[in-house]
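For reference, the structure discussed in these notes is given below.
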Amino acid sequence: MKLSYLTLAFSLTLTSSLSAATIDSFTAPSSWLGAEAALGLQTNTPLPLAGLVQTGGINVVPEIAGNGVTVTPLGATQLVVADQNAAGYDFGASQVFSAQMGFPSAVALTLAPGTFGVAFDVGAFPSDLSTTDLTAQFLTASGTQTIDFSGLGGPAGLTFEGFTSDQQILSVSLTAGPADPVFANLMTATDTPEPSTIVMLALGCTALVIVRRRLVSN
């Protein structure tokens with residue numbers, strides 16, 4: 001019976017206050033930040049791209065990882081990191097990453113546990129000519145949701161796209177046609193423990209210590 005109560009205590013600590021499985025889209029940073037704040041989420045900073053490329057340069061990398069996100073190229077795609085001064089990459093962001101030469105090109109974003117929001121600026125290479133036919137597939141514990149980003153990029157440069165979900169987002173697959181997608185300022189929103197959750201975790205740890213001591217004394 002004591003072990004059953006202990007199991008229940010730890011089970012409660014793993015239960016998020018967020019549930020269901022809908023993804024809401026926001027096309028402005030302020031509205032996305034407001035929505036995630038209302039859900040009690042915290043923002044994680046963009047991927048650390050500065051150390052992967054020199055000023056005005058381009059670099060092909062096997063993957064990019066940081067701040068709870070891993071970006072991996074799929075199939076024949078090359079993952080490129082570029083500075084804004086590189087030819088065709090002047091999107092107004094200091095550094096960008098791009099999926100190229102896959103035809104179609106594709107990358108996967110693997111997200112840390114407890115991620116309920118994803119946001120990024122997106123366009124297509126080259127910045128002054130192309131528009132992308134980008135498709136994003138969001139994977140949650142209950143299935144997938146596909147969103148079409150056709151027409152982004154071109155002379156307008158980068159366009160902000162942000163999402164919040166009331167279920168954990170496990171990964172995002174980004175696929176495009178001949179116009180290579182370009183991304184900047186990738187951010188995620190993660191859940192923060194509620195006070196009640198912290199209390200339950202403390203109670204669970206206390207119960208574990210008590211049970212262990214009694215088992216040792218017996």
Side-chain angles (χ1 to χ4, degrees), residues 23 25-27 32 44 46-112 115 117-140 143-163 165 169-188:
I23 293 179
S25 175
F26 304 88
T27 56
W32 181 74
N44 296 309
L47 284 172
L49 301 178
L52 299 178
V53 61
Q54 295 180 345
T55 300
I58 298 172
N59 188 25
V60 177
V61 297
E63 71 174 21
I64 306 170
N67 301 312
V69 181
T70 301
V71 182
T72 307
L74 301 176
T77 301
Q78 288 187 332
L79 185 58
V80 177
V81 181
D83 184 75
Q84 72 179 79
N85 295 320
Y89 287 96
D90 191 9
F91 291 94
S94 297
Q95 291 92 25
V96 299
F97 68 91
S98 178
Q100 294 189 337
M101 300 180 68
F103 305 111
S105 58
V107 293
L109 310 181
T110 305
L111 308 176
T115 298
V118 180
F120 45 74
D121 290 306
V122 58
F125 175 85
S127 60
D128 58 342
L129 296 176
S130 300
T131 58
T132 183
D133 55 355
L134 179 68
T135 298
Q137 186 177 75
F138 292 80
L139 174 63
T140 69
T144 60
Q145 179 172 343
T146 301
I147 297 177
D148 185 6
F149 294 112
S150 295
L152 299 181
L158 294 171
T159 302
F160 176 83
E161 298 291 338
F163 304 87
S165 174
I169 305 172
L170 305 177
S171 65
V172 184
S173 297
L174 301 164
T175 305
D180 299 321
V182 176
F183 305 94
N185 303 318
L186 177 64
M187 296 177 285
T188 59

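Just the heavy atoms: all of them, side chains too, but no hydrogens, waters or symmetry mates, feed the values below.
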Exercise. Among Leu74, Asp180, Thr175, which residue meets the side-chain contact (heavy atoms from CB on, under 4.5 Å) test with Ser105?
Worked result: Asp180
Exercise. Out of Phe91, Phe160, Phe183, which one pairs with Asp121 under the side-chain contact (heavy atoms from CB on, under 4.5 Å) rule?
Worked result: Phe160
Exercise. Are Phe97 and Leu47 close enough, and set up right, to give a side chain to side chain contact (heavy atoms under 4.5 Å, CB included), and what steps lead you there?
Worked result: CA-CA 10 Å; Phe97 68 91; Leu47 284 172; 4.0 Å; yes
Tell me the closest heavy-atom pair linking [X] and [Y], and the distance in Å.
{"X": "Pro126", "Y": "Ser130", "answer": "CD-OG, 3.1 Å"}
{"X": "Thr77", "Y": "Ala106", "answer": "OG1-N, 2.8 Å"}
{"X": "Ala136", "Y": "Phe149", "answer": "CB-CE1, 3.3 Å"}
{"X": "Ala184", "Y": "Val96", "answer": "CB-CG1, 3.8 Å"}

Heavy-atom side-chain contact between [X] and [Y] under 4.5 Å:
{"X": "Leu134", "Y": "Leu174", "value": "yes"}
{"X": "Thr27", "Y": "Trp32", "value": "no"}
{"X": "Leu152", "Y": "Thr131", "value": "no"}
{"X": "Leu111", "Y": "Val118", "value": "yes"}

Exercise. For Asn44 and Thr188, does a side-chain donor sit closer than 3.5 Å to a side-chain acceptor?
Worked result: yes
Roughly how far, to the nearest 0.5 Å, is [atom2] of [Y] from [atom1] of [X]?
{"X": "Ser98", "Y": "Gln78", "atom1": "OG", "atom2": "CD", "result": "10.0 Å"}
{"X": "Ile23", "Y": "Ile169", "atom1": "CD1", "atom2": "CD1", "result": "5.0 Å"}
{"X": "Thr144", "Y": "Leu170", "atom1": "OG1", "atom2": "CG", "result": "11.5 Å"}
{"X": "Gln100", "Y": "Leu79", "atom1": "CD", "atom2": "CG", "result": "9.5 Å"}
{"X": "Gln84", "Y": "Gln95", "atom1": "CD", "atom2": "CD", "result": "8.0 Å"}
{"X": "Ser171", "Y": "Leu109", "atom1": "OG", "atom2": "CG", "result": "8.0 Å"}

Exercise. Would you say Asp133's side chain and Gly177's backbone share a donor-acceptor pair under 3.5 angstrom?
Worked result: yes
Side-chain donor/acceptor pairs under 3.5 Å, residues 48-70, sequence neighbours excluded:
from  : atom 1 : to    : atom 2 : distance (Å)
Asn59 : ND2    : Leu52 : O      : 2.9
Asn67 : ND2    : Thr45 : O      : 3.4
Asn67 : ND2    : Thr45 : OG1    : 3.4
Asn67 : ND2    : Pro46 : O      : 2.8

For this session: Just say parallel, tilted or perpendicular for the rings of Phe163 and Phe120, cut-offs at 30° and 60°.
Result: tilted
